[in-house]
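To keep things clear, I will list the structure first and then write my remarks on it.
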Amino acid sequence: MAEAMIEVNKLSKLYLSGALFKKSKPAVRALDDVSIRLEKGKILGIVGESGSGKTTLANVILKLTNATSGNVRINGIDIAHADRREMKQLRRSIAVVFQDPMANLNPRFTVAKSIMRPMIVQNVPRQEALRRAEEVMDMVKMDRMYLDSYPKNLSGGQLQRIAIARALVLHPKIMILDEPTSALDISIQAQVLNMLLNIQRQLDLTYVIISHDLNVVRYISDYIAVMYLGRIVEIGDADEVSEHPIHPYTESLLSAVPYPDPKMAKERKRIVLEGDVPSPLHMPSGCAFRTRCKYATEKCAQECPPLVDRGDGHQVACWNK
Ligand code: ADP
Ligand code: MG
């Protein structure tokens, strides 16, 4: 078996919510028993509706928040027990790009300053940092003249290219991309995704790319994990999962026809899936998806289905399919 770059093992994350003085605080289980194994140079797409735990998973991998139980290994190192030197190395080897281009960049900094900052912090000499800034601008297909621009003068697509450029400066091995194209027009989305794919191939990077839209990431991913209310309900080879989905939730995500009009695209979820995602504070018993599932039986209310391998690592958590 190829060496794992990212190994997530039985990860759970509870958030205690509100009501500080109540005796029993209700908890949101943002992640529930999530396991993932990703080899070097591969792309994992994580999909699911808003609230399914995708960003929480990214944040735990980035050690921006701690897991309640379970563990994460990056390149063999358990991030919960990494010493200072290992942690420094880990921080350099994992880069992140968020959805909101403006959140990725300081509005008062020029593009050059934003891109050079991670290097200056690491004591890279100015001249060398500037040269590297030019290099990464080339990689994201942005003219070097934009190094002197401010974020407010750039389009969403340009801003996201620059956020990606900045993520690349310290030669990361892993990129966590949390809805990197969701704020962009459909036509720009495809360009940015293709660019990301080219960079990944050139540098043999490992990507975790998060999206609420399966159709956005299926073409660039090697593997797809589908999440629903904190659990992985289906995971496997990207072509296999998107061409032969087994879980009813994956099926409904896929039957969403991509519309070129983003406004229609927003509405199409409601056309396909009946009802809303249940509140994470009042989780249904058994399988969390059963309240919206046309195949649901009594057993689904009683017992949560485990992920079971249906062949070649294609795993599905469903009693009836
Ligand atoms: P996604 O990225 O898939 O939309 P999130 O990981 O952001 O999902 O959220 C998963 C669940 O955890 C949601 O119910 C959300 O409200 C809850 N959650 C996320 N972050 C926090 C937090 N810092 N405090 C409390 N609850 C949170
Ligand atoms: Mg999110």
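Order of listing sets the numbers, starting from 1, for every ligand and every atom in it. Index from 1, following the sequence.
The NZ atom of K40 lies 4.0 Å from the CG atom of D204; values are rounded to the nearest 0.5 Å. Annotation: the span from L154 atom CG to Y146 atom OH amounts to 7.0 Å, rounded to 0.5 Å.
For E134 and R131, the salt-bridge test fails: no basic side-chain N is under 4.0 Å from an acidic carboxylate O. Salt-bridge formation is detected for the pair E49/R292: a Lys NZ or Arg NE/NH1/NH2 atom is positioned less than 4.0 Å from an Asp or Glu carboxylate oxygen.
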Would you tabulate the polar-atom pairs, meaning N/O of ligand 1 against N/O of the protein, with distances under 3.5 Å, reported to 0.1 Å?
residue  : atom  : partner : partner atom : Å
ligand 1 : 2 (O) : T55     : N            : 2.9
ligand 1 : 2 (O) : T55     : OG1          : 2.8
ligand 1 : 3 (O) : S52     : N            : 3.1
ligand 1 : 3 (O) : S52     : OG           : 3.3
ligand 1 : 3 (O) : G53     : N            : 3.0
ligand 1 : 3 (O) : K54     : N            : 3.0
ligand 1 : 3 (O) : K54     : NZ           : 2.8
ligand 1 : 4 (O) : G51     : N            : 2.7
ligand 1 : 6 (O) : T56     : N            : 2.9
ligand 1 : 6 (O) : T56     : OG1          : 2.5
ligand 1 : 8 (O) : G53     : N            : 3.1

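Note: F289 and H247 meet the aromatic proximity criterion, with ring centroids under 6.0 Å apart.
Contact annotation: T55 places an N, O or S atom under 2.8 Å from the Mg ion (ligand 2).
Remark: the T65 side chain and the N59 side chain contain no N/O donor-acceptor pair separated by less than 3.5 Å.
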